[in-house]
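Nothing here was measured: the structure is a model prediction, and the numbers come from that model. We name chains A, B, ... by the order of the sequence lines, and we start the count at 1 in each one.
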Number of protein chains: 2
Amino acid sequence: MYTFDQNYTKRVSVKDVAYFEIKKNIIEGELLPGQAVIEEELATQLKISRTPLREALQRLELDELLIRQPNGRLKIAPISVKEAEEMFLIRILLEGVVVRQATDKIEEREIQQLHNNIRMCDEAAQAGRFDDFMNTSSQFHFMLYEISGNKTAVKILYQLNDHFMRYRRLVPAKNFHEKNSSKEHQRVLDYIIARDASNAEKAMQEHLIKSKKIALDVIRGYKNLDQL
Amino acid sequence: MYTFDQNYTKRVSVKDVAYFEIKKNIIEGELLPGQAVIEEELATQLKISRTPLREALQRLELDELLIRQPNGRLKIAPISVKEAEEMFLIRILLEGVVVRQATDKIEEREIQQLHNNIRMCDEAAQAGRFDDFMNTSSQFHFMLYEISGNKTAVKILYQLNDHFMRYRRLVPAKNFHEKNSSKEHQRVLDYIIARDASNAEKAMQEHLIKSKKIALDVIRGYKNLDQL
DNA sequence: TACTATATAATTGTACACAAATATACTTTA
DNA sequence: TAAAGTATATTTGTGTACAATTATATAGTA
């Protein structure tokens, strides 16, 4: 009945390519907050038809990276300080859960990977490679997401992360630079190694509260600039 | 430029009607967990074309009420005890936030509405109207969602609620009957009135932990039955 | 019989055309 | 001139046709 090789060539749909491409453009600020999105225009640019494009756009709308106006037109989601606050708060709670669950499940090999990540973070920081630092630093969190095995929480966290990445791009990378992030990650890892889930959670939440504050200052600054 | 009456006849799209209709069928168990979903079939039943149907199905997939298999086919999401546990845990956290924020913002009129809700709950329970009791009891939570004003958390909570409603339908309503739910709601409300956000949160979470336990027993029971 | 290969059918993915709704430009009217 | 009405253009919503993929049935081969 089953052949060993099932020839699963992972079919990449036009829809998904469009989704990730447009999302990238939103996050990186090629498409600006508030800007109108015209289906026909975008379809022409991406050289695809409106059918799969509309499915990609609907998904971005559900992600709240696009907003549908009462007249049915789409626009790139404006930056909202209130929403940003809500999202950071939820992140703090869910990432707390994730760390707790990761602590209970983590294996030696994964601990080593987290160690390596922290080292790479330090190296990037030393060398002044800000973007590299940010990406590597994010990876620390993502690794814990995967280790936790909590699909439901992780899905939400990744969605929130899309928004956080957009916030970052609002300002030059170095302004977002959190010098102590590595040390804070190390502290979380130390508790994880000690299998102390509740302190690991607490350490992570303290870390996130700090980055929340830094981020919100930036977002508020952008908002003020925006309103001039 | 603007006429007073803008003739905003809220355009109901075929897509949205399909989305809510299919969701209803999933939640109410007309479409069973694991069952295959064929686009053409459904389109014919609903007397619509595949284009808006596909958009409705994609949304249900993102809600995780539908699952896409590796071969591209859709099926009704199976019941997963693990996912259910994850969802209840997230609910407990987010609804904690919501209650805290609602406590800080609530107005006298809204307090009266919550009072009325509890009374209606008691009446339904007395009269043995189980479905009515469940619906009214849910309303208590939804009212707090709206009062909190936390759009981000509330969106997630409503999505989770779709799954919880489906779990409920797995078994006769009376098995799900939580006798003390009214009293627990009253306890939450008392703390809200006292503007004691942190105890209101705690009371709500204790309430939710109890209903989590009841629900998970039911779901585990269903799973066992399912595997025969 | 069990495995493979091939043809056929079923299903999903995409493009396109037209319908419905909304916005814009242009008149008309007071 | 300003407001309202009308015609035109733009944009979104839906149906349909066809392409690409996957599943199923059939036949061939060891």
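Using a 4.0 Å cut-off between a side-chain N of Lys or Arg and a carboxylate O of Asp or Glu, B:E85 and B:R220 qualify as a salt bridge. Note on B:K155 versus A:E86: no salt bridge recorded, every NZ/NE/NH1/NH2 to OD/OE distance being 4.0 Å or above.
The side chain of B:S49 lies closest to D:dT16 when the candidates are C:dT11, C:dA15, D:dT16. The B:V14 side chain lies nearest to D:dT14 when the options are D:dT14, D:dA23, D:dT12.
The distance between atom CD1 of A:I38 and atom P of C:dT24, rounded to the nearest whole Å, is 10 Å. Look at CD on A:E61: it is 9 Å from P on D:dG13, rounded to the nearest Å. Straight-line distance from the CD atom of A:E39 to the P atom of D:dT11: 11 Å, rounded to whole Å. Atom CD of A:E55 and atom P of D:dG13 are 13 Å apart (whole Å). We find that CG of B:D16 is positioned 13 Å from C1' of D:dT14, with the value rounded to whole Å. Summarising the geometry, the separation between CD on B:Q69 and P on D:dT21 is reported as 19 Å, rounded to the nearest angstrom. The NZ atom of B:K15 sits 18 Å away from the P atom of C:dA20 (whole-angstrom rounding). Regarding A:R73, its CZ atom lies at a distance of 12 Å from the C1' atom of D:dG13, rounded to whole Å.
More than 12 heavy atoms of other residues, nucleotides or ligands lie within 6.0 Å of NZ in A:K82, so this atom counts as buried by the packing criterion.
Contact annotation: A:R50 does not reach the phosphate of C:dC16 (side-chain N/O to OP1 or OP2, under 4.0 Å). In this structure, B:R54 reaches the C:dG13 phosphate: one of its side-chain N or O atoms is under 4.0 Å from OP1 or OP2. An OP1 or OP2 oxygen of C:dT11 is reached within less than 4.0 angstrom by no side-chain nitrogen or oxygen of B:N71.
A distance-only check finds a donor-acceptor pair linking the side chain of B:N117 to the backbone of B:T136 [under 3.5 Å].
Looking at A:K23 and A:Y19, their side chains do bring a donor and an acceptor atom within 3.5 Å of each other.
Of the two residues contacting DNA chain C, namely B:T51 and B:L74, the nearest-nucleotide position lying further toward the 5' end is that of B:L74.
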